[in-house]
Amino acid sequence: MAKKRIKSDFSSIFDDNIMAEDSENIGTLRLTEIEPNKNQPRKNFDKEALEQLASSILENGVLQPLLVRPLATGNYQIIAGERRWRASKIAGLTEVPVVIRDDLSEEQVMQIALIENLQRENLNPIEEALGYKELIDNYKMTQDELAKTLGKARSSIANSLGLLTLPKTVKDLLAEGELSAGHCKALKSIKDPALMTEIALRAADGELTVRSIENIAKREANKNEEKPEAKPRLAYYTEVELSLAELLATKVKITEGKKTNTLQISFDSKEQLEGIMKALINN
């Protein structure tokens, strides 16, 4: 059975603290009545960013309601807005505005959580690419749908997904901030994974710039251009070369051409040439 996709506009769901235009269906809940989703894909929230959001909430209040759903326990689970919930606790609030939804499946809740994280967290490029991949693989979203939902160019989504094909060491360096996306874009032009990894490590050490990697990739591409496969040389030619060299007491070479072959007999003097002629006539 095909998995359901969220097709509504996500924009209002993911704003951190922006005034909601439509106040219909907005209520309030005590913070103690609300709990985060334990299956939320992101577990770590930047402390400094939360404190900044808390300051905004202290000054302006929670302008964008949390999206929640009712639980059998009587509490409510966060679908979107966990950062606002955490920041509200830091700000000392006791209640927050909410929109309650009871019509979303477990899959839809997880899909919304993934998209919220892609929009609001400071993800490294590999985490971002993995988020896109999960939405495509598990929730059957297309790259076009992702681009529209997240407000990104489709090419940006495609380029991000392309990072997942890099060797593990290169992906690790990118995730750790040792390499930039620009480095990795240039590295992808190098076809040999071992060479790519070697170049990536040098770039991470500051030895190579993006332009240097591009130049290396061009040289490798030129070096690896397909060359006509050499025709195997007949062993008979070698035997003839050795026999004639012994008979004529000089160097003999047979060269194969596209249409005709060449027999080359070397000599140093007129006398040696005469000796070669006599040997050929007598044999």
Side-chain angles (χ1 to χ4, degrees), residues 125-126 129-130 132-133 136-137 142-143 154-283:
I126 296 301
L130 288 171
Y132 296 153
K133 186 175 187 300
I136 290 170
D137 291 348
T142 66
Q143 291 188 23
R154 186 185 182 282
S155 58
S156 174
I157 303 291
N159 290 337
S160 179
L161 289 168
L163 297 174
L164 298 178
T165 64
L166 294 168
K168 184 180 183 305
T169 299
V170 181
K171 287 190 290 189
D172 289 345
L173 290 170
L174 177 59
E176 293 163 6
E178 299 295 324
L179 292 177
S180 68
H183 283 119
C184 292
K185 182 178 179 181
L187 284 165
K188 280 179 67 66
S189 299
I190 299 175
K191 303 305 179 186
D192 180 2
L195 178 61
M196 185 193 296
T197 301
E198 177 188 340
I199 298 301
L201 289 168
R202 291 176 59 191
D205 286 339
E207 293 182 34
L208 298 172
T209 63
V210 172
R211 180 61 61 85
S212 300
I213 297 173
E214 290 172 344
N215 291 335
I216 292 172
K218 286 178 183 177
R219 287 200 300 269
E220 287 300 310
N222 292 333
K223 186 192 303 183
N224 295 327
E225 280 184 356
E226 289 188 9
K227 298 178 181 178
E229 195 170 317
K231 183 179 177 181
R233 193 171 193 267
L234 294 176
Y236 173 69
Y237 290 160
T238 303
E239 294 175 8
V240 171
E241 286 174 342
L242 293 172
S243 297
L244 285 175
E246 184 178 353
L247 174 66
L248 304 176
T250 188
K251 293 180 180 179
V252 176
K253 182 178 180 182
I254 295 174
T255 303
E256 295 181 83
K258 291 183 179 179
K259 294 184 178 180
T260 60
N261 302 323
T262 303
L263 174 63
Q264 180 180 340
I265 301 173
S266 301
F267 64 92
D268 297 328
S269 62
K270 179 181 177 183
E271 291 73 21
Q272 188 178 17
L273 177 57
E274 289 176 350
I276 290 171
M277 291 175 62
K278 287 179 183 179
L280 289 172
I281 292 170
N282 295 334
N283 288 277

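- Across Tyr237 and Ile254, no two heavy atoms sit closer than the pair O-CD1, 3.7 Å.
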**Report entry** Verdict with supporting geometry, Leu164 and Tyr132, side-chain contact (heavy atoms from CB on, under 4.5 Å)
**Finding:** CA-CA 11 Å; Leu164 298 178; Tyr132 296 153; over 6 Å; no
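- Considering every non-hydrogen atom in both Pro125 and Ser160, the closest pair reads O-OG, 4.2 Å.
- The side-chain hydrogen bond (donor to acceptor under 3.5 Å, both in side chains) check on Asn215 picks up nothing, with sequence neighbours excluded.
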Please table the atom pairs, donor to acceptor, closer than 3.5 Å between any side-chain atom in residues 243-253 and protein atoms at least two apart or in another chain.
{"from": "Ser243", "atom 1": "OG", "to": "Glu239", "atom 2": "O", "distance (Å)": "3.0"}
{"from": "Thr250", "atom 1": "OG1", "to": "Ser266", "atom 2": "O", "distance (Å)": "2.4"}

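- Applying the salt bridge (Lys or Arg N to Asp or Glu O under 4.0 Å) criterion to Glu178, with sequence neighbours excluded, gives no partner residue.
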Acceptor/donor pairs from residues 192-205 side chains to any protein atom, 3.5 angstrom cut, sequence neighbours excluded:
{"from": "Asp192", "atom 1": "OD1", "to": "Ala194", "atom 2": "N", "distance (Å)": "3.1"}
{"from": "Thr197", "atom 1": "OG1", "to": "Pro193", "atom 2": "O", "distance (Å)": "2.9"}
{"from": "Arg202", "atom 1": "NE", "to": "Glu207", "atom 2": "OE1", "distance (Å)": "3.3"}

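- For Lys168, the salt bridge (Lys or Arg N to Asp or Glu O under 4.0 Å) criterion is met by Asp172, not counting sequence neighbours.
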Which pairs of donor and acceptor atoms, one on a side chain in residues 183-190, lie under 3.5 Å apart (sequence neighbours left out)?
{"from": "His183", "atom 1": "ND1", "to": "Ser180", "atom 2": "N", "distance (Å)": "3.0"}
{"from": "His183", "atom 1": "ND1", "to": "Ser180", "atom 2": "OG", "distance (Å)": "2.9"}
{"from": "Lys188", "atom 1": "NZ", "to": "Gly162", "atom 2": "O", "distance (Å)": "3.2"}
{"from": "Lys188", "atom 1": "NZ", "to": "Thr165", "atom 2": "OG1", "distance (Å)": "3.0"}

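- A search for side-chain hydrogen bond (donor to acceptor under 3.5 Å, both in side chains) contacts involving Lys218 returns nothing, not counting sequence neighbours.
- Annotation for Leu166 and Lys171: closest pair O-CE, 3.3 Å, computed over non-hydrogen atoms.
- With sequence neighbours left out, Phe267 forms a side chain to side chain contact (heavy atoms under 4.5 Å, CB included) with Gln272, Leu273, Ile276.
- For Ser156, the side-chain hydrogen bond (donor to acceptor under 3.5 Å, both in side chains) test picks out no residue, with sequence neighbours left out.
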